[in-house]
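Structure first, then comments.
Everything numeric in this text was worked out from a predicted model, so none of it was measured.
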Amino acid sequence: MSNIQQGNLLKNKNILIIFIIALIFFLIRWGVSFYYLNEEIISKVIFESIDDGSFFYPLIKYLSIADFNNSLNPFIKDLKVMPLPFGSIIIHTIFYKIFNIYGLILVDLLGIFLFLLIFYNIFLLFNSTNVSIFLSLIFFSIPILLTFFFQDYNFIPLNQFKDLFTLRVHRPFPANLYMFLFVYIILIMNKTIVFKDKYFLFLGVVMALTLSSFYYFFLIEVFTLMIFIIYKFKKKFISQLLDNYKCIIIFILSFVIISLPFILVLLFHEKDLTISAGVFDLTIEKKIVLIKYYLVNIFSSKFLIFNFIILLFSFYINKNKINNYQVLNIFNIIYLSSIISPILFILISNKSGILYHFNNNIVIFAFLSVGIATLLFFNNLIQRISRQLIIYPFLFFTLFIFTTNEVNDKKNTNFSRIEFNQITNIIIDQKIDNELDTLLTFDPQLMIWSTLSDNIKYLNLTYVGLTSKNFATIENDLINVFKFLNLDSEDFLKFLENKKDNWRYSNPNVANFFSLRYTANSLNTYKNSKDFPKNLKEFILKTSPMYSQQIAIPNDEFSRLKEKFLYINNEILPQPKIIILNKELSLFKNVRINKNKYCKIFDGDFYILFFLSTEKNNCID
């Protein structure tokens, strides 16, 4: 057997080992859920999604059937298209298209495998195969271990390390994978030949997917690529670019082709959805405020001390030409790009979005830079440890922690999840066959379930982002539903009132139906209004410009909404076939359902379910 054949055999063996590790984590994650919870499959997929990842499931379905402007209302037509984050959901969409709802389960195996494989290949550039597998497992385990040991610890850097990689749809999976794949390509270019056609083809594709999934990473990639080429060729970088124009053309073409669907959507999408995502105009005054904020933090004593330590580490490793020291330089370039990207973005762009993502990225790449420096510095010790087969005890320890987390989570399942499954099963058993039947609910998870299910086609209410409805239409829907439920304007304003939630103001009802439309911090308020109660106004003015997810509605906006409520007569409202109310809603006690038309089918601790029916045989009261 030749050396090449032996090398390929070893490579295939290691990939198989990585896949088996990924498969074990995947089977534990979903096996525990299926063992402990007997649920309807769509309900299970929704509740097992990480954090708010389930909100992307309807978008995945829309993309799979090329339906970009469904209102989920039989009387609302001709909406603009939705700004689908193509790069974020394309992998999930492919799996959903092939395997239907089960694809949203199977795709998790791919996510775990790709993370381990990418980091294995990164570490393989300066380590043995065993060490590379071990280190990729360590990096994958970091969020698991931090979640277990620091579950209630709110130290911000630790919280960001938890986001190094999880299976939350959109970000970190797959957005972070695109970023890590970009890092791997740059490392390969640094080690071999920079200007190679296939490298720039891959860069174009990866950066296009990153742009349409998480543009904060895209900015880091752009600046990293620029700094990397300057770093490699110094003063000759322009001549190198000109001499290798073919690579640049390949890069541009691949980037434009893959980005084209996303670019077209940005041109024609519903603009209110951009506002709901937290996008705002960057005036000169706001630019100055943000630049000052970043400069103050960059030159703070803690940040300077931290970066001084990184510089000392890097200086020592470079001066002593420690093996593979250039790998650290690449990670330092990426870290530097994460620092300068928000500043350059603020200077150049006329709009901005959720700014704290920039800060989170700085923390993540600072961790990676320090981590790589530590690995290079203690490389000999790590090599000796790996020869002691410590990978197996560590793997078993991580699996034990992971299994414990999953089992505890399933054993402590709240009753609302159980009732959710009960009422969805009732709806399935009813076998609704009228295509115009609608579901009325304020619960976003039930809206997601209805969208993924084939049991009921239309919704009387939709949270912002579920469709491409503008704010005016969402307001109309809410007002019409309130009047249908015999609620008045005071109930409506109470539903939207400004609420203090721990360290910020945030009303989940406002967040569900308007998202970040009413962001309120020292930099931004709705239409730059200052018309707030005195205490709230003072609180907002003291709030960091990074707190994009603080929400507060100004007084004059409440006045407008009240006037609109009183002015609108009951417009065409599809009569709900099904009504599901969450008893935790602040307005629940004031709701009055017409008992002559609706039959109460289920009455639990959390949910109450009504069906439109003339037959009262199945009513529970």
Side-chain angles (χ1 to χ4, degrees), residues 2-5 7-8 10-12 14-15 18 86-88 90-91 94 110 113-126 132 174-215 217-264 324 326-334 336-337 341 365 368 372:
S2 66
N3 290 336
I4 295 177
Q5 289 175 321
N8 289 335
L10 180 61
K11 181 180 179 180
N12 293 335
N14 290 328
I15 292 176
I18 291 170
F86 287 94
S88 307
I90 188 63
I91 296 176
I94 293 171
L110 178 67
F113 174 68
L114 287 178
F115 180 91
L116 291 171
L117 185 64
I118 291 171
F119 271 89
Y120 163 76
N121 281 289
I122 288 174
F123 292 128
L124 197 59
L125 294 174
F126 58 98
S132 299
N176 288 36
L177 294 183
Y178 297 147
M179 183 68 218
F180 299 144
L181 185 56
F182 169 85
V183 172
Y184 174 65
I185 295 171
I186 295 295
L187 288 169
I188 288 290
M189 292 168 66
N190 181 63
K191 190 172 184 178
T192 56
I193 301 172
V194 173
F195 288 101
K196 205 169 184 178
D197 291 354
K198 67 176 183 179
Y199 294 157
F200 280 82
L201 173 64
F202 292 149
L203 281 176
V205 172
V206 170
M207 292 178 70
L209 290 172
T210 305
L211 173 64
S212 60
S213 60
F214 194 57
Y215 75 85
F217 280 160
F218 172 73
L219 292 171
I220 295 174
E221 291 174 358
V222 169
F223 295 128
T224 296
L225 184 58
M226 293 169 56
I227 297 172
F228 168 71
I229 292 175
I230 295 172
Y231 162 76
K232 289 294 290 185
F233 300 107
K234 309 297 188 293
K235 296 179 180 180
K236 297 180 179 179
F237 79 93
I238 295 179
S239 62
Q240 286 292 323
L241 290 171
L242 294 174
D243 291 342
N244 295 279
Y245 69 90
K246 183 181 175 183
C247 290
I248 307 303
I249 293 173
I250 290 173
F251 170 77
I252 293 173
L253 287 176
S254 60
F255 177 82
V256 170
I257 291 171
I258 302 300
S259 299
L260 191 58
F262 182 66
I263 293 171
L264 290 174
N324 301 293
Q326 289 190 351
V327 172
L328 175 60
N329 295 341
I330 299 302
F331 275 92
N332 284 342
I333 287 173
I334 298 168
L336 174 63
S337 298
S341 62
F365 291 109
L368 289 175
I372 295 299

Q.
Looking at Lys198, I'd like to know if its NZ atom is crowded, meaning that more than 12 non-hydrogen atoms belonging to other residues, nucleotides or ligands lie closer than 6.0 Å.
A. no
Q: Taking atom CZ of Phe202 as the centre, report whether more than 12 heavy atoms of other residues, nucleotides or ligands fall under 6.0 Å from it.
A: no
Tell me if a side-chain donor or acceptor on [X] pairs with a main-chain N or O of [Y] at a distance below 3.5 Å.
| X | Y | answer |
| --- | --- | --- |
| Ser337 | Thr224 | yes |
| Asn121 | Leu117 | yes |
| Tyr178 | Gly87 | yes |

Is any side-chain heavy atom of [X] less than 4.5 Å from a side-chain heavy atom of [Y]?
| X | Y | result |
| --- | --- | --- |
| Leu211 | Phe262 | yes |
| Leu125 | Asn324 | no |
| Asn190 | Lys232 | yes |
| Leu368 | Phe180 | yes |

Q | Pairs touching residues 221-248 that satisfy ring-ring contact (aromatic ring centres under 6.0 Å, His included), sequence neighbours left out | A | Phe195-Phe233
Q. Quick one: which of Ile334, Ile333, Leu225 gives a side chain to side chain contact (heavy atoms under 4.5 Å, CB included) with Ile186?
A. Leu225
Q | Passing candidate, side chain to side chain contact (heavy atoms under 4.5 Å, CB included) with Tyr199, options Val194, Ile250, Thr192 | A | Thr192
**Q.** Minimum heavy-atom distance between Val327 and Leu187, given as atom pair plus value
**A.** CG1-CD2, 4.0 Å
